[in-house]
Protein chains: 2
Amino acid sequence: MSGLKRSGKMVRQSLEGAERACRTQGLRLTDKRKRLLTSLLKAAGPISAYDLAHHYRADHGEELPVMTVYRMLDVFIDAGVVHKLRSTNRFMACRHMACDHPHAATQFLICDSCGIVREMDFADAEISKLNQKARSSGFHLYQEQLELHGVCDRCHSGIEEKTPDARAHG
Amino acid sequence: MSGLKRSGKMVRQSLEGAERACRTQGLRLTDKRKRLLTSLLKAAGPISAYDLAHHYRADHGEELPVMTVYRMLDVFIDAGVVHKLRSTNRFMACRHMACDHPHAATQFLICDSCGIVREMDFADAEISKLNQKARSSGFHLYQEQLELHGVCDRCHSGIEEKTPDARAHG
DNA sequence: GGCAATATGTTACCGCATAACGCCAGCGTC
DNA sequence: GACGCTGGCGTTATGCGGTAACATATTGCC
C-alpha cells in the first residue's frame, strides 16, 4: 500500500526530510506545521483537508481551522513534500519525504474501490513521450503528475462489494 | 480548440449520434435531455453543471434544477456521449458524438490558463504500455481517461497574463 | 524597542454534488 | 377503468471542498 500508516521512526525520518526541504527553500517548519505534517504522515492514505483538520484535533487536542490547513498544505506542496490528488481532492505525504534526492514526475495509481494510492515513477522515456505528444498538439505540459484510476488487485479479486467507502469517481 | 461552439448542422448531427447511442443502450432521449444536450453542444468549452443550468435557462427560457442537470449528465456519460473532467469538475460533449464508431481511451489536454481543452487519442501502444505498468504494480486500470494539465501555445507565448479566468488547478 | 514580514485566526461566502422524498406520466395487466 | 410498476423529473435540505478579506499574533531583523 502507499498511504500506509507510518511508524514512529518513519515519521521522524520524514519530518527531518521535510525540515531539510523547507530549509533549502527558505520556508519555516513551525511547530504547528510539524504537527500537521505528523498527522498527515500518520494517516492511512490520502485524506481531505477537512479530515486532516479532524485528525489534527484528535492527535493534538487542539483546533486547527481548515483555512490554516489549506495554507499549510500549500506550503508543503511548494516544498515538494506533499502531493495533492486533483481528481479526488485529497492530500498525501510524498513517499520520498525521508529521502534526500528530489524526484521529478510522479504518477499515482488510485483504487476507486478502497481508495488506496500507489505512488510510482514511470520511466522518463514515457513521460517525455507524453510531453512530445502534447507539444505536437499545441500544448506545453507543466505538470506531469498523472492520476490513473482503476482497481487494485485486492479489490479486483472479488472483494469489491465489501468496501462501500470507495472514493468517488465523479 | 476543442470545445468549439458547434454550428446548427453539427448540433443536429451530434443529436442524431446521441440518439443512436441512447437507443442502442435502452436510454430515452427525452425532449428535456435533448435540450440540455443542445446547450452543452453550443457551449464554447467544458462547463460546470451549474453553468450548464444557466445556459439551459438562457437557451430555452425554462428553469432546470441542478439536481436534474446532474442526473441527465450521468445518463449521457453512461451513454458515452459526454465526458466529465474530474480534475476541473466540468463537462463536455464528446468530440465523436456525431460519428458512428465508438472510441475507447480518451486523453485531454487542459490549458490551465485559458481553460480550453483538446481531446485526443493516443496510440493504443501507449495506452497498453500504461496498462501494463499499472498491472505490474498491482492495479487494473478501468478508465484510461487522462487529464493532462499545461498551457496551450497561445497562452504560452506571452498572453497568459491577460486571461485571469483560468480554470483552477488546485 | 520598533519595524517589516510572515504565520495564524475569524468570518463569511461560493461552487460542486447528492440524499431523500414526492409527484406524475406512461405502460402493461387484470 | 383500476391498479401497480417504472422511470423521469421537481423540491428541499445538506454536506463537503475551497477561498476572499480582514484581524491578530509571532518572528526576524535593524
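The figures that follow rest on heavy atoms only: side chains count, while hydrogens, waters and symmetry mates do not. In what follows, chains are A, B, ... by sequence order, proteins preceding strands, each numbered from 1.
Residues passing the side-chain hydrogen bond (donor to acceptor under 3.5 Å, both in side chains) test with A:Arg12, sequence neighbours excluded: none. In this structure, A:Asp78 has no side chain to side chain contact (heavy atoms under 4.5 Å, CB included) partners at least two apart in sequence or on a different chain. Contacts of A:Asp59 classified as side-chain hydrogen bond (donor to acceptor under 3.5 Å, both in side chains), with partners at least two apart in sequence or in another chain: A:Ser39. In terms of the salt bridge (Lys or Arg N to Asp or Glu O under 4.0 Å) criterion, residue partners of B:Arg35 (sequence neighbours excluded) are, by chain and number, B:Glu62.
Within the 4.5 Å cutoff, side-chain heavy atoms of A:Leu36 are placed close to those of A:Phe76.
Distance A:Asp78 CG to C:dT6 P: 14 Å, rounded to the nearest Å. Between the OH atom of A:Tyr56 and the C1' atom of C:dG9 there is a distance of 13 Å, given to the nearest Å. We find that NZ of B:Lys84 is positioned 11 Å from C1' of C:dT18, with the value rounded to whole Å. A straight line from CG of B:Leu52 to P of C:dG15 spans 16 Å, rounded to a whole angstrom. We find that CG of A:Asp51 is positioned 10 Å from C1' of D:dC16, with the value rounded to whole Å. Distance A:Asp74 CG to D:dG17 C1': 13 Å, rounded to the nearest Å. Regarding A:Tyr70, its OH atom lies at a distance of 18 Å from the P atom of C:dT10, rounded to whole Å. Atom P of nucleotide C:dT8 and atom NZ of A:Lys34 are separated by 12 Å, given to the nearest angstrom.
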Under 3.5 Å, side-chain donor or acceptor atoms of residues 64-73 of chain B against the rest of the protein: list the pairs with distances, not counting sequence neighbours.
none

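Counting distance only, with no hydrogens placed and no angle test, the side-chain atoms of B:Tyr50 and the base atoms of C:dG15 include no donor-acceptor pair under 3.5 Å.
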List the protein contact pattern of nucleotides 4-10 of chain D with one symbol per nucleotide (5' to 3'): B for base contact, S for sugar-phosphate-only contact, - for none; contact means a heavy-atom distance under 4.0 Å. ---SSBB

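For the OP1/OP2 pair of D:dG18 and a distance below 4.0 Å, the side-chain nitrogens and oxygens of A:Asn89 include at least one atom meeting the criterion.
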